[in-house]
Amino acid sequence: MKVVKANAGALTNFEVLDFLNSRGASKDTTRVIAPIARSEYKVYDYLLETAASTQTRESVNKFADKCKDFKVAKAEILNIINLRPSSIVELDPIIEKAPEGQEDRVIDTDGILELVKDLLPPLPTTETETPNANDEEETDNGEHPNATAEEETDNGEHS
Amino acid sequence: MFYLSELEHSLRVPPHLLNLPLEDAIKSVLQNLFLDKVLADLGLCVSVYDIKSVEGGFVLPGDGAATYKVVFRIVVFRPFVGEVIAAKFKESDANGLRLTLGFFEDIYVPAPLIPIPNRCEPDPYNRKQMRWVWEFDGQDYIIDDSCQIKFRVQSISYPSVPTERAEDAKPFAPMVVTGNIDDDGLGPVSWWENFDQIDEEEE
């Protein structure tokens with residue numbers, strides 16, 4: 001076995017989710033028929049809970065485009081798309097301290113947050129009133145959850 | 001988190017697969033070979049993305065199977081240092097925490113990378129486990145499985161396969177990710193949920 005190119009391109013969570021979807025992965029019982037391996041389904045289930053499940057190709061492309069104006073590094077753009085931070089506190093660990101040679105790099109974090117709010121759809125919501133088929137639940141960071149909404153049921157997977 | 005890697009490999013397609021279209025047969029062999037396996041320095045192979053080229057198809061003497069040389073791309077899970085990932089809590093012990101992503105479970109947060117001051121106490125709900133608690137501003141913040149935990153990748157290591165092991169050692173992990181939760185916005189998501197209004201700097 002030979003490695004031709006170790007890094008033939010970085011993929012956002014959204015692109016991997018899209019790829020699995022195009023091969024027929026799904027959340028419901030038709031999953032046993034799809035040609036997707038069990039280990040791939042584990043990745044699929046993980047991705048469904050992240051921000052990637054509500055994103056679309058255009059929104060991700062537009063966001064990446066506009067981010068270039070903010071002088072953000074490519075790895076940081078990838079992180080932002082994958083995590084969809086909705087507050088400064090979430091954005092902070094993503095943006096690195098200025099690397100050497102760019103000491104006066106001032107990042108417009110508010111501008112980036114505005115862009116995130118505009119272009120990237122919010123995280124998948126879990127309200128206790130609307131039961132859904134998923135085992136995992138996650139609150140929408142944009143809303144202010146009350147005490148009971150912030151629950152996570154035990155996942156059914158045992159690996 | 002995910003990268004595409006291009007590989008080239010010579011593989012044999014066993015005779016029982018020869019009734020399938022060639023691409024499917026090769027894909028199935030590739031999946032058996034690479035799926036859910038860790039390749040050193042490349043990461044955990046998640047999926048076969050596509051097949052770029054196939055050549056060969058010779059049958060070697062004495063063999064019933066055809067041998068092909070295939071160039072293909074796979075999706076690998078390889079977090080980069082500095083990436084922030086949301087994971088779930090799996091277990092904790094005196095050395096630190098262990099987090100899981102469902103498909104990848106060897107994420108360790110060693111004790112020095114948990115925000116200080118902290119303390120480790122025996123878990124009242126689960127006798128075998130220890131529980132980590134962060135003390136800040138007089139309040140106790142517990143680290144448990146109530147919500148997702150964000151961590152930043154500190155380092156990734158690919159330990160080599162051990163030749164000998166003690167009887168009760170943990171199963172060998174070919175890829176270990178070390179995480180850090182000692183920074184603003186990291187750690188359980190619930191710690192930071194109320195910080196939209198308060199403009200405080202944590203730690």
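Sequence lines set the chain letters: A, B, ... in the order given, protein chains first and strands last, and positions in each chain run from 1.
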Measure the CD-NZ distance between A:E90 and B:K150 for me, rounded to the nearest 0.5 Å.
4.0 Å
Drop me the distance from B:L4's CG to A:F19's CZ, to the nearest 0.5 angstrom.
8.5 Å
Under a 4.5 Å cut-off applied to non-hydrogen side-chain atoms, are B:R73 and A:K5 in contact?
no
Decide yes or no for A:L11 and B:M1: does some side-chain heavy atom of the first lie under 4.5 Å from some side-chain heavy atom of the second?
no
Give the ring-plane orientation class for B:F103 versus A:Y46, where under 30° counts as parallel, over 60° as perpendicular and anything between as tilted.
perpendicular
Quick one: closest heavy-atom pair of B:E8 and A:V4, and the distance?
CB-CG2, 3.8 Å
The side-chain contact (heavy atoms from CB on, under 4.5 Å) partner of B:F2 among A:T12, A:L78, A:L47 is A:L47
Which atoms of B:F104 are under 4.5 Å from chain A, going by heavy atoms: the side chain, the backbone, both sets, or neither?
neither
Is it the side chain or the backbone of B:S47 that comes within 4.5 Å of chain A heavy atoms, both, or neither?
both
Looking at A:K42 and B:E105, is any side-chain nitrogen of the basic one under 4.0 Å from a carboxylate oxygen of the acidic one?
no
Where does A:V3 contact chain B at under 4.5 Å (heavy atoms): side chain, backbone, both or neither?
both
Tell me, for A:N7 versus chain B, whether the close heavy atoms (under 4.5 Å) come from the side chain, the backbone, both or neither.
both
Checking B:E6 against A:K2 for the salt bridge (Lys or Arg N to Asp or Glu O under 4.0 Å) test, could you report, in this order, the C-alpha distance in whole Å, the side-chain angles of both residues, the deciding distance, and whether it holds?
CA-CA 9 Å; B:E6 199 173 310; A:K2 200 171 73 166; over 6 Å; no
Suppose a student defines contact as a heavy atom less than 4.5 Å from any heavy atom of chain A. Which residues in [range] would they list?
range: residues 11-19 of chain B; value: none
range: residues 76-85 of chain B; value: B:R78, B:F80, B:G82, B:E83, B:V84, B:I85
range: residues 51-60 of chain B; value: none
range: residues 22-44 of chain B; value: B:Q31, B:F34, B:L35, B:D36, B:L39, B:L42

